[in-house]
K.L.:
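Quick one: this structure, given as structure tokens, is what I'll be asking you about.
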Amino acid sequence: MTKRFPGILANDHIDLDLKPGEVHALLGENGAGKSTLMNLLYGLYKPTEGQIYVRGKAVSFSGPSDAIAAGIGMVHQHFMLIPPLTVTENIMLGGETTVAGVVLDRSAATRRIKQLSDEYGLEVEPSAKIQDLAVGSQQRVEILKAFYRNADILILDEPTAVLTPQEAQDLFVIMRKLADSGKAIVFITHKLKEVLAVADRITVLRHGKVAGTADPKTATEAELASLMVGRTVLLQVEKRAATPGKVVLQVENLQVLDNRKHRAVDGLNLAVREGEIFGIAGIEGNGQTELVEALTGLRRPTGGVVKLDGKEVTHALTSKLNDNGLAHVPEDRHKYGLVLTYPVSDNTVLNTYNEAPFAKGILRNDRSILEFARRIVARFDVRPARVEVLARNLSGGNQQKVILARELSRDIRLLVAAQPTRGLDVGSIEFIHKQIVAQRDEGVAVLLVSAELDEVLSLSDTIGVIYKGKLVAVMPRAEATRDKLGLLMTGGG
């Protein structure tokens with residue numbers, strides 16, 4: 001399979017075979033061509049060259065409906081859901097169950113969804129609206145949508161990126177059950193532990209080509225990382241001991257409501273010092289999203305006080321917080337981090353476009369914007385390095401690098417990093433971790449919120465555990481263990 005876009009060779013003569021009853025893992029850096037290849041197999045793209053065979057028969061897909069008819073289902077990394085519609089409506093969309101071919105039969109669809117939920121352990125409420133569901137629940141809806149269409153060839157593109165460790169383990173059980181029943185699964189992930197735990201075969205892509213294959217029974221994480229990136233990768237964060245200074249972020253008795261007007265943050269207290277990484281560990285849905293949104297001006301607290309360098313900013317606008325030294329890496333880079341239809345150059349100045357040298361009065365200084373963008377894109381190794389490219393055409397890891405480049409290329413006092421490496425490959429994770437540690441070493445206060453317990457343990461100097469909207473424990477990193485944190489995250493301890 002070969003796929004060319006203007007100026008980009010995304011897939012370069014890739015051969016891949018998939019057998020019934022196996023989980024075939026596809027590894028590679030962001031931008032290696034994994035998602036492009038899967039989009040070819042799902043009919044979203046047409047190949048420039050090459051041929052697809054399903055069960056020995058040559059096929060040509062004019063769209064996803066053809067792929068679905070051939071028994072191929074795909075769960076995308078970025079959700080293909082309509083927020084105002086219910087779970088049932090999203091799942092049946094395009095494959096509606098009707099009475100007499102005229103009236104939608106929601107009851108029949110709901111029964112089918114509940115049956116699938118029970119069968120595969122994917123608990124969702126069929127009547128709930130997507131916009132009211134946590135990210136992990138939305139992922140389960142995507143997986144159910146593929147099962148609903150009776151797929152026997154299943155493409156999972158980063159399916160665990162937004163799941164808790166327990167949810168991921170449950171998914172692996174489901175994947176094994178599906179494979180044992182004869183279904184063929186392509187499993188795309190950046191988490192090397194997952195590949196070694198669940199895969200039967202591994203194919204690694206690098207720069208749009210097959211870099212090699214591996215047997216999960218004998219391969220190591222270090223070997224896979226090296227094959228992906230083409231060099232030795234540090235899988236552990238290297239940093240010296242922290243030297244915390246004065247308090248930069250002070251949060252007192254903070255209360256925040258979620259979209260359903262339920263109290264998501266419930267009297268939370270927190271202090272983050274300069275030169276310190278304060279990591280928050282917790283199962284998603286315990287108030288992390290609402291906390292970050294309240295601290296960054298995206299959601300209005302209903303009670304409590306937030307201070308930045310001693311100045312109260314509880315109800316400050318995001319622009320005001322930026323002016324006072326806040327940098328924010330949001331958990332949803334598409335919703336809050338980028339304007340996908342803008343070029344990379346414009347995205348690098350979203351919070352400074354009206355300031356010199358990027359503006360002269362009411363006029364843009366395009367030359368300064370382009371020069372700045374090219375400089376920081378090179379510094380942060382964004383690929384491709386052409387700042388005229390639309391942000392939506394970058395891979396997830398390179399989109400995240402654009403956000404980091406923008407946020408860290410100015411004087412800041414506080415970095416709020418929410419899920420900073422979600423869905424990223426080992427090379428991008430290594431790079432982003434180094435940038436976060438570098439900010440700490442320059443005296444910036446860092447608040448890290450991550451569903452990845454390994455990330456919290458690797459990066460943090462101090463760790464707080466959030467449960468039902470409260471910090472139920474705060475401890476130095478040296479006192480934290482996976483078992484201790486895991487117990488606290490579920491309300492124990």
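Only a predicted model underlies this, so the values are computations on that prediction, with no experimental measurement involved.
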K.L.:
Between the main-chain N or O of Ser409 and the side-chain N or O of Arg379, is there a donor-acceptor pair closer than 3.5 Å?
P.N.:
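Looks like no, no N/O pair under 3.5 Å.
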K.L.:
Between Asp215 and Arg201, is the closest basic N to carboxylate O distance under 4.0 Å?
P.N.:
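No salt bridge links Arg201 with Asp215.
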K.L.:
Between the side chains of Lys183 and Glu22, is the shortest nitrogen-to-carboxylate-oxygen separation below 4.0 Å, so that they form an ion pair?
P.N.:
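Salt bridge between Glu22 and Lys183, a charged N being under 4.0 Å from a carboxylate O: no.
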K.L.:
Do any N or O atoms from the side chain of Thr213 and from the backbone of Ile202 form a donor-acceptor pair under 3.5 angstrom?
P.N.:
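Checking the backbone N and O of Ile202 against the side chain of Thr213, no donor-acceptor pair under 3.5 Å is found.
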K.L.:
Side chains of Phe278 and Leu448: does their closest heavy-atom pair fall under 4.5 Å?
P.N.:
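Result no, sub-4.5 Å side-chain heavy-atom pair not found.
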K.L.:
Looking at CE of Met175 and CD1 of Ile143, how far apart are the two atoms once the value is rounded to the nearest 0.5 Å?
P.N.:
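Reported to 0.5 Å precision, the distance equals 9.0 Å.
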K.L.:
Applying salt bridge (Lys or Arg N to Asp or Glu O under 4.0 Å) to Lys19 and Asp200, what does each step give before you reach the verdict?
P.N.:
CA-CA 10 Å; Lys19 301 175 182 178; Asp200 298 304; over 6 Å; no
K.L.:
Return yes if a side-chain donor-acceptor contact under 3.5 Å exists between Glu407 and Asn351, otherwise no.
P.N.:
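There is such a pair between these side chains.
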K.L.:
Taking the side chain from Glu29 and the backbone from Val426, do they hold a donor-acceptor pair closer than 3.5 Å?
P.N.:
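Judged by distance alone, no pair lies under 3.5 Å.
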K.L.:
With salt bridge (Lys or Arg N to Asp or Glu O under 4.0 Å) as the test, would you mind laying out the steps for Arg263 and Asp266 before giving the verdict?
P.N.:
CA-CA 6 Å; Arg263 186 172 290 180; Asp266 188 13; 3.2 Å; yes
K.L.:
Give a yes or no on whether the backbone of Ile68 and the side-chain of Arg149 come within a donor-acceptor separation of less than 3.5 Å.
P.N.:
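Judged by distance alone, no pair lies under 3.5 Å.
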K.L.:
Ignoring hydrogens and angles, state whether a donor on the side chain of Gln255 or Thr302 is under 3.5 Å from an acceptor on the partner side chain.
P.N.:
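No donor-acceptor contact under 3.5 Å links the two side chains.
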K.L.:
Which residue in the set Arg440, Arg413, Lys246 passes salt bridge (charged side-chain N to carboxylate O under 4.0 Å, His left out) when paired with Glu274?
P.N.:
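Single pass found, and it is Arg413.
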K.L.:
Does Arg206 reach the main-chain N or O of Gly28 with its side chain, forming a donor-acceptor pair under 3.5 Å?
P.N.:
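Not at all, since once roles are kept as given, no pair shorter than 3.5 Å links the two residues.
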K.L.:
Is a side-chain donor or acceptor of Thr86 paired with a backbone partner of Ala128 at a separation under 3.5 angstrom?
P.N.:
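Judged by distance alone, no pair lies under 3.5 Å.
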K.L.:
Are the side chains of Leu27 and Leu205 in contact, using a 4.5 Å heavy-atom criterion?
P.N.:
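When only atoms from C-beta onward are counted, Leu27 and Leu205 do not touch, as no gap falls below 4.5 Å.
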K.L.:
For the residue pair Val272 and Val247, establish whether any side-chain heavy-atom pair is separated by less than 4.5 Å.
P.N.:
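No - every pair of side-chain heavy atoms lies 4.5 Å or more apart.
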K.L.:
Going by atom types only, do Asn90 and Lys145 share a side-chain donor-acceptor pair under 3.5 Å?
P.N.:
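Result is no, nothing qualifies.
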K.L.:
Looking only at heavy atoms, what is the nearest atom pair of Gly21 and Arg176, with distance?
P.N.:
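Shortest heavy-atom separation between Gly21 and Arg176 comes out as O-NH2, 4.0 Å.
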K.L.:
Begin with the C-alpha distance, continue with both residues' side-chain angles, and end with the deciding distance and a verdict on side chain to side chain contact (heavy atoms under 4.5 Å, CB included) for Ile283 and Tyr467.
P.N.:
CA-CA 8 Å; Ile283 296 172; Tyr467 178 71; over 6 Å; no
K.L.:
So, for Pro216 and Val195, which heavy atoms are closest and what is the spacing to 0.1 Å?
P.N.:
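Looking at all heavy atoms of both residues, the shortest contact is CB-O, 4.2 Å.
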K.L.:
Considering only heavy atoms from C-beta outward, does the side chain of Val186 approach that of Lys34 to under 4.5 Å?
P.N.:
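No; the side chains remain at least 4.5 Å from each other.
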K.L.:
Any donor-acceptor pair under 3.5 Å linking the side-chain atoms of His24 with those of Thr203?
P.N.:
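Yes.
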K.L.:
Search all heavy atoms of Leu224 against all heavy atoms of Ala214 and return the closest pair with its distance.
P.N.:
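Reported closest heavy-atom pair: CD2-CB, 3.8 Å.
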K.L.:
Take Phe172 and Val23 through the side chain to side chain contact (heavy atoms under 4.5 Å, CB included) test and state the conclusion after the steps.
P.N.:
CA-CA 10 Å; Phe172 298 155; Val23 177; over 6 Å; no
K.L.:
Can you find a heavy atom in the side chain of Leu178 that is under 4.5 Å from one in the side chain of Leu154?
P.N.:
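When only atoms from C-beta onward are counted, Leu154 and Leu178 do touch, with a gap below 4.5 Å.
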K.L.:
Are any side-chain N or O atoms of Thr220 and backbone N or O atoms of Glu223, one a donor and one an acceptor, separated by less than 3.5 Å?
P.N.:
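Such a contact is found between Thr220 side chain and Glu223 backbone.
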K.L.:
Do you see a donor-acceptor pair shorter than 3.5 Å between the side chains of Asn398 and Ser395?
P.N.:
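Their side chains do contain a donor-acceptor pair, which is all the 3.5 Å distance test asks for.
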K.L.:
Answer whether the closest heavy-atom distance between the side chains of Leu298 and Thr318 falls below 4.5 Å.
P.N.:
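Leu298 vs Thr318: side chains touch.
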K.L.:
Side chains of Glu158 and His76: donor-acceptor distance under 3.5 Å anywhere?
P.N.:
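Short answer, no.
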K.L.:
With side chain to side chain contact (heavy atoms under 4.5 Å, CB included) as the test, would you mind laying out the steps for Leu488 and Met475 before giving the verdict?
P.N.:
CA-CA 12 Å; Leu488 288 164; Met475 67 196 77; 3.7 Å; yes
K.L.:
Determine whether the side chains of Gln399 and His334 contain a donor N or O and an acceptor N or O closer than 3.5 Å.
P.N.:
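Result is yes, a qualifying pair exists.
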K.L.:
Drop me the distance from Ser35's OG to Met74's CE, to the nearest 0.5 angstrom.
P.N.:
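If we round to the nearest 0.5 Å, Ser35:OG and Met74:CE are 6.0 Å apart.
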K.L.:
Would you mind telling me which of Gln288, Arg299, His328 makes a side-chain hydrogen bond (donor to acceptor under 3.5 Å, both in side chains) with Glu293?
P.N.:
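Answer after filtering Gln288, Arg299, His328: Arg299.
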K.L.:
Say whether Thr462 and Glu276, considering side chains only, have a donor N or O and an acceptor N or O under 3.5 Å apart.
P.N.:
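On atom types as modelled, these side chains qualify, holding a pair under 3.5 Å.
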K.L.:
How long is the straight-line distance from CG of Leu295 back to CG of Leu254, given to the nearest 0.5 Å?
P.N.:
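Answer rounded to 0.5 Å: 6.5 Å.
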K.L.:
Would you find more than 12 non-hydrogen atoms of other residues, nucleotides or ligands less than 6.0 Å from Gln131 atom CD?
P.N.:
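Yes, the 6.0 Å shell around CD holds more than 12 heavy atoms from other groups.
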K.L.:
Before you tell me yes or no, could you show the steps for Asp309 and Lys307 under salt bridge (Lys or Arg N to Asp or Glu O under 4.0 Å), namely the whole-Å CA-CA distance, both residues' side-chain angles and the distance that decides it to 0.1 Å?
P.N.:
CA-CA 6 Å; Asp309 272 331; Lys307 294 180 181 178; over 6 Å; no
K.L.:
Begin with the C-alpha distance, continue with both residues' side-chain angles, and end with the deciding distance and a verdict on side chain to side chain contact (heavy atoms under 4.5 Å, CB included) for Asp454 and Arg482.
P.N.:
CA-CA 8 Å; Asp454 287 339; Arg482 290 185 63 87; 2.3 Å; yes
K.L.:
A side-chain contact here means heavy atoms from C-beta on lying under 4.5 Å apart; do Leu338 and Val402 qualify?
P.N.:
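Heavy-atom side-chain distance check passes, below 4.5 Å.
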K.L.:
Nearest heavy-atom pair of Pro159 and Ile188: which atoms, and what distance?
P.N.:
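Between these two residues, the closest heavy atoms are CD-O, 3.5 Å.
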K.L.:
For the CG atom of Asp157 and the CG atom of Leu26, what is their distance to the nearest 0.5 Å?
P.N.:
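Asp157 CG to Leu26 CG: 9.0 Å, rounded to 0.5 Å.
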K.L.:
Within this structure, what is the CD1-CG distance for the pair Ile412 and Asn324, rounded to the nearest 0.5 Å?
P.N.:
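Going from CD1 on Ile412 over to CG on Asn324, the span is 13.0 Å.
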K.L.:
Could you please spell out the steps behind the salt bridge (Lys or Arg N to Asp or Glu O under 4.0 Å) verdict for Lys114 and Asp118?
P.N.:
CA-CA 6 Å; Lys114 285 183 176 178; Asp118 294 340; over 6 Å; no
K.L.:
Below 4.0 angstrom, N of the basic side chain to O of the carboxylate: do Asp461 and Lys239 qualify?
P.N.:
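Answer for the salt bridge query: yes.
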K.L.:
Can you name the nearest heavy-atom pair linking Ala445 to Val248, along with the distance?
P.N.:
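What the structure gives for the nearest pair is CB-CB, 3.7 Å.
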K.L.:
Just by distance, do the side chain of Lys434 and the backbone of Ile429 share a donor-acceptor pair under 3.5 Å?
P.N.:
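The answer is no, because no donor-acceptor pair under 3.5 Å joins these two groups.
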K.L.:
If only atom types and distance count, is the side chain of Glu123 paired as donor or acceptor with the main-chain N or O of Ser117 below 3.5 Å?
P.N.:
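No, because the side chain of Glu123 does not come within donor-acceptor range (under 3.5 Å) of the backbone of Ser117.
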K.L.:
Does the side chain of Ser450 pick up a donor-acceptor pair with the side chain of Glu455 at under 3.5 Å?
P.N.:
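A pair is found: one side chain offers a donor N or O, the other an acceptor, under 3.5 Å apart.
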K.L.:
Taking all non-hydrogen atoms of both residues, which atom of Leu487 and which atom of Thr490 are closest, and how far apart?
P.N.:
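That would be O-OG1, 3.0 Å.
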K.L.:
For a quick check under 3.5 Å, do Thr289 and Glu331 share a side-chain donor-acceptor pair by atom type?
P.N.:
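A donor-acceptor contact under 3.5 Å links the two side chains.
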K.L.:
When you measure from the side chain of Asp132 to the backbone N and O of Lys129, does any donor-acceptor pair fall under 3.5 Å?
P.N.:
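Pair absent, no side-chain N/O of Asp132 close to backbone of Lys129.
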K.L.:
Are any non-hydrogen side-chain atoms of Leu85 and Ile130 less than 4.5 angstrom apart?
P.N.:
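No - every pair of side-chain heavy atoms lies 4.5 Å or more apart.
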K.L.:
Out of curiosity, Leu171 CG to Phe187 CZ, how far, rounded to the nearest 0.5 Å?
P.N.:
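CZ of Phe187 is found 7.0 Å from CG of Leu171.
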